[in-house]
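Okay, structure first, notes after.
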Amino acid sequence: MKNPIPIDRAAILKRYKPVATNAHKGIQGHALLIGGSYGKMGSVCLSSKAAIKTGCGLVTAFVPKCGYEIVQISIPEVMVLTDEKEKYLSEIHYDFIPNAIGIGMGIGQELPTQKALHDFLLKNKSPLVIDADALNILSLNPKWLPLVPQNTILTPHPKELERLIGKWTSDEEKMEKTIAFSKTHNVIVVMKGAPTHIVAGETVYKNTTGNPALATAGSGDVLTGIITSLLAQSYTPLDAALLGVYLHGLTADIALPETGHESFIASTIIATLGKAFLSLAK
Ligand SMILES: NC(=O)C1=CN([C@@H]2O[C@H](COP(=O)(O)OP(=O)(O)OC[C@H]3O[C@@H](n4cnc5c(N)ncnc54)[C@H](O)[C@@H]3O)[C@@H](O)[C@H]2O)[C@@H](O)CC1
Ligand SMILES: Nc1ncnc2c1ncn2[C@@H]1O[C@H](COP(=O)(O)OP(=O)(O)O)[C@@H](O)[C@H]1O
Ligand SMILES: [Mg+2]
């Protein structure tokens with residue numbers, strides 16, 4: 001493998017597109033976040049809030065019924081659609097064409113949820129980010145991997161990656177197996193960690209922002225919302241993944257002097273997104 005390409009400020013400034021002066025919510029992209037289950041509704045709240053705070057015009061969350069009031073009250077800017085089932089997803093349906101979809105945060109692995117993911121993959125035509133339990137469900141059902149559209153962004157943490165590609169005995173083997181997976185399935189793999197690598201076939205990028213403050217519950221759910229929002233705003237899947245990972249890490253670098261590692265939480269990432277965007281404009 002060649003040396004990874006560093007994703008630093010110069011690389012990001014070539015890819016970042018400031019919002020146009022004549023923008024309106026109808027052209028800023030509509031992101032759909034599909035997630036949550038009983039006790040894990042916070043995950044999809046975090047993703048949805050991160051998506052709206054990353055600049056897309058509209059965000060809809062699709063959640064089990066028990067999440068309706070939780071999402072509406074937590075984030076009034078976000079619209080909500082619900083499944084028939086109270087506590088988990090069983091059939092994913094919506095009557096608009098999302099510009100991008102993020103799926104998997106907090107959905108669990110109930111059999112009806114697995115079937116819902118399968119049926120969703122059969123009919124989906126929107127650019128896609130797959131995270132968390134949606135990745136775990138694919139690991140349980142590897143024969144469904146061909147249903148994942150080309151250029152989909154997968155965002156596994158190391159355990160989720162292991163479930164997808166199997167165990168490794170060295171960092172080199174981990175990277176080789178991830179590159180092979182990315183090539184076989186034509187997907188972009190965001191290998192979350194310290195640092196995060198973005199694998200697009202043979203081309204590997206290494207993020208340069210972030211610190212251990214990000215090692216906190218919901219941090220990855222926020223990343224999925226950020227990347228899905230950028231995808232909805234017409235960034236290419238590769239640019240959405242690179243810019244999303246960079247901004248996510250940048251929030252931790254900006255906030256750390258005020259919060260310290262300990263009191264930095266996933267909501268701090270969302271609260272610091274504005275400063276991260278502003279620092280790109282300087
Ligand atoms: N507030 C919420 O509702 C939250 C819901 N969450 C959801 O909870 C479900 C379970 O997710 P989890 O990720 O906790 O469970 P997993 O079982 O997928 O992952 C936990 C395991 O992965 C290992 N792991 C994680 N990061 C690692 C790293 N960087 N290096 C090495 N090992 C690592 C841990 O040690 C542990 O063994 C997901 O659907 C997720 O989206 C979480 O995102 C946490 C917050
Ligand atoms: N020590 C660390 N340094 C930098 N980034 C980290 C560190 N630990 C975790 N992260 C980042 O935090 C996020 C954690 O994602 P994930 O494990 O999916 O969290 P969750 O599922 O709780 O939302 C990833 O983006 C990962 O790269
Ligand atoms: Mg996660």
Side-chain angles (χ1 to χ4, degrees), residues 7 33-51 61 63-64 66-67 70-71 74-75 87-89 102-110 113-114 116-117 129-140 153-165 167-168 171 174 178 189-199 205-228 240-256 260-262 264-270 272-273 276:
I7 292 303
L33 278 310
I34 303 171
S37 59
Y38 185 79
K40 297 247 172 86
M41 212 54 70
S43 58
V44 66
C45 289
L46 288 165
S47 303
S48 305
K49 190 163 184 184
V63 296
C66 70
I70 298 170
V71 183
S74 310
I75 328 147
K87 295 191 172 179
Y88 54 82
L89 297 177
I103 187 165
M105 314 67 63
I107 64 174
Q109 297 171 38
E110 297 282 349
T113 305
Q114 295 191 27
L117 177 68
V129 183
I130 304 185
D131 186 28
D133 283 318
L135 296 173
N136 296 330
I137 291 172
L138 288 174
S139 298
L140 288 173
I153 302 166
L154 274 51
T155 59
H157 64 47
K159 195 75 196 171
E160 289 157 349
L161 184 66
E162 185 190 292
R163 293 176 187 130
L164 275 174
I165 67 171
K167 286 188 191 302
W168 51 82
D171 284 347
K174 176 185 183 185
T178 307
V189 184
V190 173
M191 294 171 78
K192 294 188 297 197
T196 289
H197 288 89
I198 297 95
V199 176
Y205 303 84
K206 181 178 169 179
N207 187 41
T208 59
T209 57
N211 60 63
L214 291 167
T216 182
S219 176
D221 303 331
V222 170
L223 177 66
T224 299
I226 294 172
I227 296 175
T228 307
L242 298 176
L243 180 55
V245 169
Y246 181 87
L247 284 168
H248 181 259
L250 189 55
T251 65
D253 295 340
I254 293 171
L256 190 66
H261 288 104
E262 291 82 355
F264 184 98
I265 58 171
S267 295
T268 320
I269 306 173
I270 299 173
T272 315
L273 275 167

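All of these numbers come straight from a predicted model, not from anything done at the bench. In listed order, ligands and their atoms are each counted from 1.
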remark   = Sorted by chain and residue number, the residues having a heavy atom closer than 4.0 Å to an atom of ligand 2 are H157, K192, G193, A194, T196, N211, P212, L214, A215, A217, G218, S219, G220, D221, L223, H248
Heavy-atom contact check, 4.0 Å cutoff: does [X] meet ligand 1?
X: G218; value: yes
X: R163; value: yes
X: G106; value: yes

Candidate list V129, L161, V245, test side-chain contact (heavy atoms from CB on, under 4.5 Å), partner T155, passing option = V129
ask   = Among D131, T178, L135, L138, which one satisfies side-chain contact (heavy atoms from CB on, under 4.5 Å) with P156?
value = L135
Can you pull out the closest protein heavy atom to [atom]? Residue, atom name and distance to 0.1 Å, please.
atom: atom 1 (N) of ligand 1; answer: S43 N, 3.9 Å
atom: atom 38 (C) of ligand 1; answer: D133 OD2, 3.6 Å
atom: atom 30 (N) of ligand 1; answer: P158 CG, 3.4 Å
atom: atom 43 (O) of ligand 1; answer: D221 OD2, 2.7 Å

query = Hey, which atoms in ligand 1 end up nearer than 4.0 Å to a heavy atom of A132?
reply = 38 (C), 39 (O), 41 (O)
message = Evaluate S74 against K49 for side chain to side chain contact (heavy atoms under 4.5 Å, CB included), listing each step before the verdict.
response = CA-CA 9 Å; S74 310; K49 190 163 184 184; over 6 Å; no
Kindly give the heavy-atom pair with the smallest separation between [X] and [Y], and that separation in Å.
X: A266; Y: V222; value: O-CG2, 3.8 Å
X: P158; Y: W168; value: O-CH2, 3.5 Å
X: I269; Y: S219; value: CD1-OG, 3.7 Å
X: S48; Y: L33; value: OG-CB, 3.8 Å
X: G108; Y: S37; value: N-OG, 4.4 Å
X: M105; Y: I34; value: CE-O, 3.6 Å

Is the closest protein non-hydrogen atom to [atom] under 4.0 Å?
atom: atom 11 (O) of ligand 1; answer: no
atom: atom 14 (O) of ligand 1; answer: no
atom: atom 34 (C) of ligand 1; answer: no

Side-chain donor-acceptor contacts of residues 209-218 below 3.5 Å, not counting sequence neighbours, with atom names and distances?
unit_1 : atom_1 : unit_2 : atom_2 : d
T209   : OG1    : N207   : OD1    : 3.4
T209   : OG1    : N207   : ND2    : 2.9
T209   : OG1    : Y246   : O      : 2.8
N211   : OD1    : A213   : N      : 2.9
N211   : ND2    : A252   : O      : 3.2
N211   : ND2    : D253   : OD1    : 3.0

ask   = What part of K40 sits under 4.0 Å from ligand 1 if we count only heavy atoms: the side chain, the backbone, both or neither?
value = both
message = Can you tell me if K192 has over 12 outside heavy atoms packed within less than 6.0 Å of its NZ?
response = yes
request  = Test S47 against D221 for side chain to side chain contact (heavy atoms under 4.5 Å, CB included), laying out the working first.
outcome  = CA-CA 5 Å; S47 303; D221 303 331; 3.7 Å; yes
query = For atom 37 (O) of ligand 1, which candidate among K192, K159, E162 provides the closest heavy atom?
reply = K159
